[in-house]
Amino acid sequence: MRLLYDSHSHTPLCRHATGLPEEYARVAHARGLKGMIVTCHNPMPEAYGHNGRMREEEFPEYLRLVSEAAAQWADRDFEILLGLESDYLPGFEGIGPWLEAIHSRAEFHYILGSIHPQLSIYLERFSLDHPREFQRGYFEHLAQAAESGFFDAISHPDLVKNLTPDTWNVAALMPDIRRSLDRIAATGVAMELNTSGLLKTVPEMNPGPEILREMNLRGIPVVLGSDAHVPERAGENFPLALRHLKAAGYREIHLFRHRRPRALAIDEVEATLISPAS
Ligand code: ZN
Ligand code: FE
Ligand code: FE
């Protein structure tokens, strides 16, 4: 019996992904998954810059892409749900009302909140000249994103390490990270384990094992996503991700539906995954 969903995937509307949701679904299904949530990058205000995301006028097209794929797969024991990856930038003019409006434009199952420190709008405000301060600021922003109340989960929560790989020292930064995680835990917002980190400059999942352990100590629910931007990556490295979660002390993983979390036992989920013949 299938149990697990891939809770993070993209569509060509963001201009840096290829393949339609039904193609991602084929790969995720072959890996033993029960479903996937499409979470393409949200439209943002003009001043934020809209490279790498759908334009506001493309939003109806996004809804159509997801619902067509869902209909195609509906009778094949695989579910495709509507979600969104929404950017958050503390202090950005009008961000609150903007997100509120976008998030109420459709019946989303899951809204992932993202700090994207690689974007020019972020780098203009927070300088990379002082990498340690940049890293500390990033973890402060994660906490603010959780406290904003707009999101079900916080995505790829140590992405900053890829911008500052030479000075990344998770042990040295841990006091700041712990403070951030305390605040996130207090909100009840979930956090993501994102397997695409294995392909980045610091080749480990986001977050890495040390942060995952601290999340578990605080009872922060974890949601699993591939962040696939090509169909071949849907559901990628999920067996490994579940092993990382268990090593960090986790016994459960969470899925969102109608924006409400549901827990699954990792031991039960593991037995349902299909490893590709290698
Ligand atoms: Zn993307
Ligand atoms: Fe992202
Ligand atoms: Fe993403």
Side-chain angles (χ1 to χ4, degrees), residues 5-21 23-25 27-28 36-44 48-55 58-59 62 65-66 80-90 92 95 99 102-103 108-123 126 138-139 141-142 144-146 148 150-163 184 189-208 211 222-238 241 256:
Y5 287 55
D6 184 344
S7 297
H8 190 156
S9 66
H10 289 277
T11 77
L13 287 175
C14 72
R15 295 164 170 79
H16 60 274
T18 55
L20 294 170
E23 301 173 68
Y24 290 68
V27 176
M36 59 183 261
I37 309 185
V38 186
T39 53
C40 211
H41 298 283
N42 69 324
M44 284 293 273
Y48 188 86
H50 50 211
N51 282 337
R53 58 185 61 258
M54 69 182 90
R55 309 288 186 260
E58 290 171 319
F59 187 71
Y62 179 54
L65 277 185
V66 178
I80 299 174
L81 298 176
L82 178 69
L84 198 66
E85 177 175 6
S86 277
D87 274 47
Y88 194 70
L89 179 57
F92 185 79
I95 184 87
L99 291 179
I102 292 284
H103 296 171
F108 291 105
H109 285 276
Y110 178 57
I111 306 241
L112 198 46
S114 292
I115 304 286
H116 284 130
Q118 72 274 32
L119 297 183
S120 51
I121 183 90
Y122 190 95
L123 292 165
F126 308 104
Y138 169 83
F139 285 98
H141 297 154
L142 289 188
Q144 291 183 26
S148 74
F150 292 116
F151 310 116
D152 301 316
I154 302 301
S155 70
H156 40 62
D158 64 355
L159 191 60
V160 71
K161 66 190 172 189
N162 296 300
L163 276 90
I184 296 170
V189 170
M191 293 175 79
E192 179 184 59
L193 178 58
N194 184 311
T195 65
S196 73
L198 290 171
L199 305 172
K200 298 193 171 156
T201 310
V202 176
E204 56 178 25
M205 294 185 192
N206 304 109
I211 297 179
V222 167
V223 180
L224 183 56
S226 69
D227 205 353
H229 286 70
V230 291
E232 302 73 59
R233 286 206 59 255
E236 188 176 61
N237 285 314
F238 278 18
F256 277 81

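Both ligands and their constituent atoms are indexed starting at 1 by order of listing.
The N, O or S atom of His116 with the smallest distance to the Fe ion (ligand 2) is NE2. The minimum distance between the Fe ion (ligand 2) and any N, O or S atom of His156 involves atom NE2. The Fe ion (ligand 3) lies closest to atom OD1 when only the N/O/S atoms of Asp227 are considered.
Residues Tyr88 and His116 bring no donor and acceptor atom of their side chains to less than 3.5 Å of each other.
The aromatic rings of Phe92 and Tyr48 sit perpendicular to each other, their planes meeting at more than 60°, with 30° as the lower class boundary. Relative ring orientation between His41 and His16 is described as tilted, the plane-to-plane angle lying within the 30° to 60° band. Between His156 and His8, the ring-plane angle classifies as tilted under the 30° and 60° cut-offs.
Taking 4.0 Å as the cut-off between side-chain N and carboxylate O, Asp227 and Arg233 do not count as a salt-bridged pair. Ionic pairing of Lys161 and Glu204 is present here: one or more N-O contacts between side-chain nitrogen and carboxylate oxygen are shorter than 4.0 angstrom. Salt bridge present: Arg15 and Glu58 bring a charged side-chain N and a carboxylate O closer than 4.0 Å.
Only protein atoms were considered; those of element N, O or S under 2.8 Å from the Zn ion (ligand 1) number 3.
Taking 2.8 Å as the criterion, His8 counts as a coordinating residue of the Fe ion (ligand 3), since one of its N, O or S atoms falls below it.
Considering the Fe ion (ligand 3) as centre, the angle to OE1 of Glu85 and to NE2 of His10 is 90° (10° rounding).
Aromatic ring centres of Tyr122 and His141 lie closer together than 6.0 Å.
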